[in-house]
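Here, residue 1 is the first one in the sequence, and each next residue gets the next number. Keep in mind it's a predicted model, so treat the numbers as computed, not measured. Numbering of ligands and ligand atoms starts at 1, following listing order.
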Amino acid sequence: MRTTIETSRLILRPFETGDVEAAFTWFGNPNVMRFTPTGPDTSIEQTKTRLAKYQEHQTAHGFSKWIILDRRLGRAIGDSGLLMLQEYRWIDLGFRLAQPYWGKGLATEVASVWVRAAFDDFHIDRLTAIVHPENLASIRVLEKLGFLTERRDTIMGMNSIVFSLSAKDGETDSSFRRRMSLDWTQGDLHEGLRCFHSGAFFEAHEHWESVWLAAHEPERMFLQGLIQVAAAFHHFQRGNCAGTISLLRSALGRLDRYPAAFTGIAVTPLCTVIRLWLEALETIPQASPPPVPQLQLVAIES
Ligand SMILES: CC(C)(COP(=O)(O)OP(=O)(O)OC[C@H]1O[C@@H](n2cnc3c(N)ncnc32)[C@H](O)[C@@H]1OP(=O)(O)O)[C@@H](O)C(=O)NCCC(=O)NCCS
């Protein structure tokens, strides 16, 4: 049974009793809880009761709402996970971040690993998410994950849009994983990889762009990040340092949203090298950057 999930920027684990105070900073915040049917917790005791319920749910089902920790600082920054809503007979995906962490792609990062865990580890067939129609950031996160609108409804007293995402029954591979699989062993993806590793960055960019044009999320944004990396090194070859920095920054902003490995590409080492490049190029006087990263292929578990 899984008890932690890691992404390139985050660690998720079940709530523990000692998390109450940290958790109250977001459960007690009216802005964060604006679109949660219960509204904000008005006392730390209320948050304590909430966490106890999540812990009970964890014991009963093996999953629940888990705490999100910033991997680098170890700081608690939000909660996300799956809850069985008995009354509606569905499993609900939720995600919530303390306000300083909004707008960095973290909800997408955390929600996408929960979707994969739901389908691949917990063998859940269908996920639901309820969102207030004015919660545009949350709607966008769900759209990026491939959730579709089912209907409008009043759920737990809240005017809601009901979203859902299904994995196909009776298949060893979930539909989510199939959607996420890009085949790097043939065609333009493979050619692009070959060009990238031989220093032909412009050509790599061209090959990947032809796949990107027809791709859907979440692969689309991932490819866009890789294309920007290739374009950045092309600029570097031509002596355009400002262009390199700007493209690497933008690529990092996209790639950082993905799990440690995505569609068979190791994301964490790539992001690490991009950071080292940025550090070197942005230092005055400029330091020499590390070697251009190799894109490591990792096996996709079946
Ligand atoms: C909803 C929430 C989790 C989003 O977290 P986040 O880390 O900022 O989300 P991400 O950065 O991964 O993605 C947000 C997306 O919404 C977009 N977005 C943000 N505000 C938006 C707005 N007002 N209108 C349209 N799109 C918006 C962002 O541009 C981004 O899309 P992009 O990647 O295509 O640019 C966060 O705002 C939060 O915790 N809110 C309070 C709790 C909550 O409402 N949880 C959801 C309950 S269903």
Side-chain angles (χ1 to χ4, degrees), residues 7-12 22-41 47 50 54 65-71 75-83 85 88 90-116 118 127-165 212 215-225 228 249-259 262 267:
T7 71
S8 56
R9 288 181 290 174
L10 307 168
I11 296 179
L12 316 176
F24 183 60
T25 61
W26 65 86
F27 285 120
N29 181 321
N31 279 340
V32 175
M33 300 297 279
R34 180 173 163 218
F35 296 122
T36 301
T38 59
D41 290 353
T47 301
R50 187 189 282 277
Y54 291 161
K65 284 283 181 74
W66 288 8
I67 194 164
I68 307 171
L69 305 172
D70 175 311
R71 199 181 165 112
R75 187 177 295 152
I77 64 166
D79 66 280
S80 176
L82 310 173
L83 285 183
L85 298 187
Y88 298 95
W90 73 48
I91 295 176
D92 190 75
L93 169 72
F95 37 83
R96 175 168 30 227
L97 294 165
Q99 212 162 342
Y101 301 92
W102 293 3
K104 302 175 197 293
L106 292 171
T108 308
E109 186 170 321
V110 78
S112 70
V113 289
W114 267 117
V115 170
R116 281 191 304 144
L127 287 175
T128 298
I130 49 159
V131 190
H132 191 282
E134 287 168 26
N135 194 348
L136 300 179
S138 183
I139 290 172
R140 177 77 190 118
V141 171
L142 292 168
E143 283 173 352
K144 284 193 280 180
L145 295 172
F147 274 74
L148 298 173
T149 311
E150 254 186 26
R151 63 180 193 281
R152 296 287 286 262
D153 206 339
T154 302
I155 308 287
M156 291 179 272
M158 182 176 82
N159 174 14
S160 306
I161 305 176
V162 179
F163 281 87
S164 70
L165 180 67
W212 169 75
H216 296 283
E217 300 296 2
E219 297 95 331
R220 189 175 166 83
M221 187 166 63
F222 183 68
L223 282 173
Q224 201 179 354
Q228 288 179 318
R249 281 233 155 276
S250 183
L252 194 60
R254 293 195 159 77
L255 297 174
D256 253 346
R257 301 171 184 210
Y258 287 83
F262 184 73
V267 182

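A salt bridge is defined here as a Lys NZ or Arg NE, NH1 or NH2 lying under 4.0 Å from an Asp or Glu carboxylate O, and R75 with D70 fails to meet this definition.
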Using a 3.5 Å cut-off and no angle test, enumerate the donor-acceptor pairs between side-chain atoms of residues 152-160 and protein atoms at least two apart in sequence or in another chain.
from	atom 1	to	atom 2	distance (Å)
D153	OD2	R151	NE	3.1
D153	OD2	R151	NH2	3.3
S160	OG	M158	O	2.7

Using the rule given for side-chain contact (heavy atoms from CB on, under 4.5 Å), can you reason through V110 versus T7, listing the C-alpha separation, both sets of side-chain angles and the distance that settles it, and then say yes or no?
CA-CA 8 Å; V110 78; T7 71; 5.9 Å; no
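In terms of the ring pair (Phe, Tyr, Trp, His ring centres under 6.0 Å) criterion, W212 has no residue partners (sequence neighbours excluded).
Note on residues 98-114: pairs passing salt bridge (charged side-chain N to carboxylate O under 4.0 Å, His left out), not counting sequence neighbours, are R9-E109.
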Could you pull out every N or O of ligand 1 that sits under 3.5 Å from a protein N or O, with the distance for each pair?
from	atom 1	to	atom 2	distance (Å)
ligand 1	7 (O)	L106	N	3.4
ligand 1	7 (O)	A107	N	3.0
ligand 1	8 (O)	G103	N	2.6
ligand 1	11 (O)	G105	N	2.9
ligand 1	12 (O)	T108	N	3.0
ligand 1	12 (O)	T108	OG1	2.5
ligand 1	13 (O)	K144	NZ	3.4
ligand 1	33 (O)	K144	NZ	2.6
ligand 1	33 (O)	R257	NH1	2.8
ligand 1	34 (O)	R140	NE	2.8
ligand 1	34 (O)	R140	NH2	3.0
ligand 1	39 (O)	L97	N	2.7
ligand 1	39 (O)	L97	O	3.4
ligand 1	39 (O)	W102	NE1	3.2
ligand 1	44 (O)	N135	ND2	2.8
ligand 1	45 (N)	F95	O	2.8

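Taking the six-membered ring where the residue is Trp, F222 and F262 present perpendicular rings, their angle passing 60° and hence far from 30°.
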